[in-house]
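Remarks on the structure that follows.
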Amino acid sequence: MTVSKATLAASFNAVAADYAATRPGYPAALYDAVEELAGRPLHGADVLDVGAGTGIGTAPMLARGAQVTAAEPGPGMAAQLRAQLPDVPVVRGSGDALPFTADSFDLVTCAQAWHWTDPARSVPEALRVLRPGGALALWWNVPDGSVDWIAAQERRLQRQWRQDDVTERAGTLIQDIAPSLSPHCRELRWSRTVPLDTHLASLATHSYIATLPADRAAALIEAERAALRDVFGDGPVTEPYVVRLTAVRTPA
Ligand SMILES: C[S@@+](CC[C@H](N)C(=O)[O-])C[C@H]1O[C@@H](n2cnc3c(N)ncnc32)[C@H](O)[C@@H]1O
C-alpha cells in the first residue's frame with residue numbers, strides 16, 4: 001500500500017494526544033547551538049515555530065524568554081498545542097505559505113517538520129518573514145543507527161517515508177533555493193530512558209505506522225514489543241538520538 005505524502009503529513013492529528021505524551025523532546029544543547037548559529041540569544045527574540053505540532057520543540061524556547069508564535073496546519077496537533085501552551089499564539093498554516101507579513105521574526109524554527117514542506121516554497125517563505133540578520137533553524141531527532149538495537153529496529157520497520165535523507169541534505173536543499181546563504185550544521189548525540197510502553201506508544205505516532213490499518217499497526221507494535229523484550233527484558237528502553245541541526249542567517 002502506497003500512502004501519499006499529504007496523507008502521511010496529516011496523520012499526526014489522529015494521534016496528537018499520544019504524540020504530546022510520548023514523543024521525545026530536544027536537549028538543552030540543541031537550543032544552545034541554535035543561539036550560537038543564529039548569533040543571538042533566544043531571550044527577547046521573536047520566533048516563528050513552523051510545524052510546531054503539540055509544542056514539544058516550542059516550550060524550551062519560551063522557557064529561554066523568546067516570544068514564540070506557532071504555525072501548525074493540523075487541527076488535532078494545534079488543539080494539543082493550545083492545551084499545552086495556552087499563551088502561545090497558534091496560527092493554522094503551512095510552512096509553504098506562511099500567513100505573516102514580511103520582516104516579522106528574528107528566528108524561524110522547524111523541529112521535526114521541515115521534511116513535510118516543499119523547500120522551493122518553504123525556503124523563500126521563511127526568508128520573507130525573517131528580519132534582516134535573522135536566522136532559519138531546522139532540526140530533527142534521528143534514531144542513532146550506530147546503536148545495534150536501533151539498526152535492527154530500522155531494518156524491521158522498513159519505513160516507507162524516510163526523513164534521513166532530508167535531515168542530512170537540508171543545507172544543500174536550502175542553498176539550491178538561496179545560493180548566497182551559508183548553512184551551518186551540527187550533530188548532537190543524546191538519549192532518553194523510558195518505559196517500553198512509552199517507546200511503543202511513541203513509535204505508533206510515526207506517520208508510517210499511524211496510517212496503517214488499525215489491525216496491522218497493532219500487530220507491528222506487538223511484534224516490536226516482543227523483539228525489544230529480547231533486548232531490554234522488562235526494563236526501560238534507552239533511546240539514542242542524533243539531533244541534526246541546520247541553520248542559515250540572512251544578511252543584516
Ligand atoms: C513530527 S511533527 C513535529 C511537531 C513538533 N515540531 C515537534 O518537534 O514535535 C510534524 C508536524 O509538521 C506538521 N506539518 C505537516 N505538513 C506541514 C507543512 N507543510 N508545513 C508545516 N508543518 C507541517 C504536522 O501537522 C505535524 O504537526
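These numbers were taken from a predicted model, which means no experiment stands behind them. All ligand and atom numbering here is 1-based and tracks the order in the structure.
Each of the atoms 27 (O) of ligand 1 lies under 4.0 Å from some heavy atom of Met77. Residue Gly53 has at least one heavy-atom neighbour below 4.0 Å for each of these atoms of ligand 1: 4 (C), 27 (O). Proximity to Gln112 (heavy-atom distance under 4.0 Å) selects the following atoms of ligand 1: 1 (C), 2 (S), 3 (C), 8 (O), 10 (C).
The N/O atoms of Gly51, backbone and side chain alike, include one that comes under 3.5 Å of an N/O atom in ligand 1. The shortest N/O to N/O separation between Thr54 and ligand 1 does not fall below 3.5 Å.
For the pair Leu136 and Thr109, the minimum side-chain heavy-atom distance is 4.5 Å or more. For the pair Tyr208/Ser11, no side-chain contact is recorded, criterion being any heavy-atom separation below 4.5 Å from C-beta on.
When the heavy atoms of Trp116, Trp139, Tyr26 are ranked by distance to atom 7 (C) of ligand 1, first place goes to Tyr26. Of the candidates Glu125, Glu72, Arg23, Glu72 brings a heavy atom nearest to atom 24 (C) of ligand 1. Considering Ala113, Ala71, Ala52 only, the shortest heavy-atom separation from atom 5 (C) of ligand 1 involves Ala52.
Gln84 places no side-chain N or O within 3.5 Å of a backbone atom of Ala20 that could act as its donor or acceptor partner.
Using a 4.0 Å cut-off between charged nitrogen and carboxylate oxygen, Glu72 and Arg92 do not count as a salt-bridge pair. A salt bridge between Asp230 and Arg225 is absent, with no side-chain N of the basic residue lying under 4.0 Å from a carboxylate O of the acidic one.
Each of Tyr26, Trp190, Tyr241 was compared with Asn141 under the side-chain hydrogen bond (donor to acceptor under 3.5 Å, both in side chains) criterion, and only Trp190 meets it.
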